[in-house]
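In what follows, a structure is listed as structure tokens, so that the remarks can point back to it.
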Amino acid sequence: MSLKGKHVGIAFTGSFCTFDKAFSELQKLANEGALVQTIFSDAAATIDSRFGSAESFLQKAEEITGIKPMLTIPEAEPIGPKSLLDILVLFPCTGNTMAKLANGITDSPVLMAAKAHLRNNKPLLISISTNDALGMNMKNIGLLMNSKNIYFIPFGQDNPQKKPNSMIAHTELLIPSIEAALEGRQYQPVIQ
């Protein structure tokens, strides 16, 4: 499947340690000819960390996509009524965002984008990055896996010895996971 001309939303949340890989995959997606709209959570848009400044991340997203990122709930809300996207990817999706999504909480631009997008019965793809996937967030992963139109980029434990509950998505599988979700399929195997 070609992604050329597909409208893809990429929503960044505050898992800053994954941003380097995420931006690398974002560039590949843009190279495929996808029309990419980025959305940033409040944390991703404002917090400077040891992984880089918020301003540099916003700038990089706009450089890669050629489109200004959405940064507010009012900017993200039209994704639903205007049916702006073919697919939305939470890339990365923190445990906090996942828990709120699973429980219907809409208090950030990313969560508004997800809620608005799902109302159109279109695929939402999750790229998890959480230290408690095999702990408190396991129930939220289960709820979301059992939800209509929600798919996951395959994921696995990133450091079983030091962080036994932590799991992270294999971001290099972004494009094939998008292609599968657009066809209504979960890319397999989910846990790698």
Which heavy atom of Y151 sits nearest a heavy atom of P123, and at what distance?
CE1-CB, 3.7 Å
Less than 4.5 Å apart, any side-chain heavy atom of L101 and any of L111?
yes
Answer yes or no: is there a side-chain heavy-atom contact under 4.5 Å between M145 and F152?
yes
Salt bridge flag under 4.0 Å for residues E63 and K60
no
Contact summary for L144 and A102, nearest pair of heavy atoms:
CD2-CA, 3.9 Å
When you measure from the side chain of N159 to the backbone of K162, do you find a donor-acceptor pair of N or O atoms at a distance under 3.5 Å?
yes
Straight-line distance of L85 CG to N120 CG, nearest 0.5 Å:
9.0 Å
Residues I153, L174; criterion side-chain contact (heavy atoms from CB on, under 4.5 Å); working and verdict
CA-CA 7 Å; I153 294 175; L174 172 66; 3.8 Å; yes
Taking salt bridge (charged side-chain N to carboxylate O under 4.0 Å, His left out) as the cut-off, I'd like each qualifying pair that reaches into residues 69-93, sequence neighbours left out, listed once.
none
List the steps, then state whether side-chain contact (heavy atoms from CB on, under 4.5 Å) holds for L3 with L182.
CA-CA 10 Å; L3 295 180; L182 284 169; 3.8 Å; yes
For F19, all residues meeting ring pair (Phe, Tyr, Trp, His ring centres under 6.0 Å), sequence neighbours excluded
F12, F16, F57
Can you give me the closest heavy-atom contact between A180 and Y187, atom names plus distance?
CB-N, 4.0 Å
Would you say I10 ends up clustered with M70 if hydrophobic residues are merged whenever their side chains have heavy atoms under 4.5 Å apart, either directly or through other cluster members?
no
Report the residues that fulfil side-chain contact (heavy atoms from CB on, under 4.5 Å) with M138, sequence neighbours left out, ordered by chain and then residue number.
L134
L29 with L124, same ILVMFWY side-chain cluster at under 4.5 Å:
no
Looking only at side-chain N and O atoms, does S166 offer a donor or acceptor that is under 3.5 Å from a partner on D158?
yes
Rounded distance [0.5 Å steps], OG1 in T171 versus CD in E25
5.0 Å
Do the side chains of L84 and I178 join up, straight or via other hydrophobic residues, at under 4.5 Å, putting them in one cluster?
no
For the pair E62 (side chain) and P69 (backbone), establish whether a donor and an acceptor sit closer than 3.5 Å, ignoring hydrogens and angles.
no
Are there more than 12 heavy atoms of other residues, nucleotides or ligands under 6.0 Å from atom CE of M136?
no
Using side-chain heavy atoms (C-beta onward) and a distance below 4.5 Å, is I168 in contact with I128?
no
Checking K100 against T106 for the side-chain contact (heavy atoms from CB on, under 4.5 Å) test, could you report, in this order, the C-alpha distance in whole Å, the side-chain angles of both residues, the deciding distance, and whether it holds?
CA-CA 7 Å; K100 289 179 177 183; T106 308; over 6 Å; no
Kindly indicate whether the side chain of M98, heavy atoms from C-beta on, has any atom under 4.5 Å from the side chain of T130.
yes
Out of curiosity, Q186 CD to S177 OG, how far, rounded to the nearest 0.5 Å?
7.0 Å
What I'd like to find out is whether the side chain of M112 reaches to under 4.5 Å of the side chain of P109, using heavy atoms alone.
no
May I ask you to test the V110-F40 pair for a side-chain heavy-atom distance under 4.5 Å?
no
Shortest non-hydrogen pair, F51 vs C17, comes out as CZ-CB, 3.5 Å
Going through the checks in order, is the side-chain contact (heavy atoms from CB on, under 4.5 Å) test met by T65 and Q37?
CA-CA 7 Å; T65 66; Q37 171 66 66; over 6 Å; no
How close do I126 and C93 get, heavy atom to heavy atom, and via which atoms?
CG2-CB, 3.7 Å
If you look at every heavy atom in G14 and A44, which pair is closest and at what distance?
N-CB, 4.4 Å
The side chain to side chain contact (heavy atoms under 4.5 Å, CB included) partner of I39 among V89, I79, L71 is I79
With rounding to the nearest 0.5 angstrom, report the CG to CG distance, D42 to D107.
8.0 Å
Do the side chains of I175 and K28 get nearer than 4.5 Å, heavy atoms only?
yes
If hydrophobic clusters are built by linking Ile, Leu, Val, Met, Phe, Trp and Tyr wherever their side-chain heavy atoms come under 4.5 Å apart, do I67 and L26 end up in the same one?
no
Is it true that K122 and S83 share a donor-acceptor pair across their side chains at a distance under 3.5 Å?
yes
Would you confirm whether T94, through its side chain, and T97, through its main-chain N or O, come within 3.5 Å as a donor-acceptor pair?
yes
Indicate yes or no for a side-chain donor-acceptor contact from S147 to the backbone of L143 under 3.5 Å, with no hydrogens or angles considered.
yes
In the single-linkage hydrophobic clustering (I, L, V, M, F, W, Y; side-chain heavy atoms under 4.5 Å), do L88 and L35 co-cluster?
no
Between CZ of F91 and OG1 of T38, what distance do you get to the nearest 0.5 Å?
12.5 Å
Can you tell me if CG on N146 sees more than 12 non-hydrogen neighbours from other groups inside 6.0 Å?
no
Under 3.5 Å side-chain donor-acceptor pair for N165 and D132
no
Test item: T13 and N96 side chains (from C-beta on) under 4.5 Å apart, heavy atoms:
no
About how many Å separate CD of E179 and CG of L173, when rounded to the nearest 0.5 Å?
11.0 Å
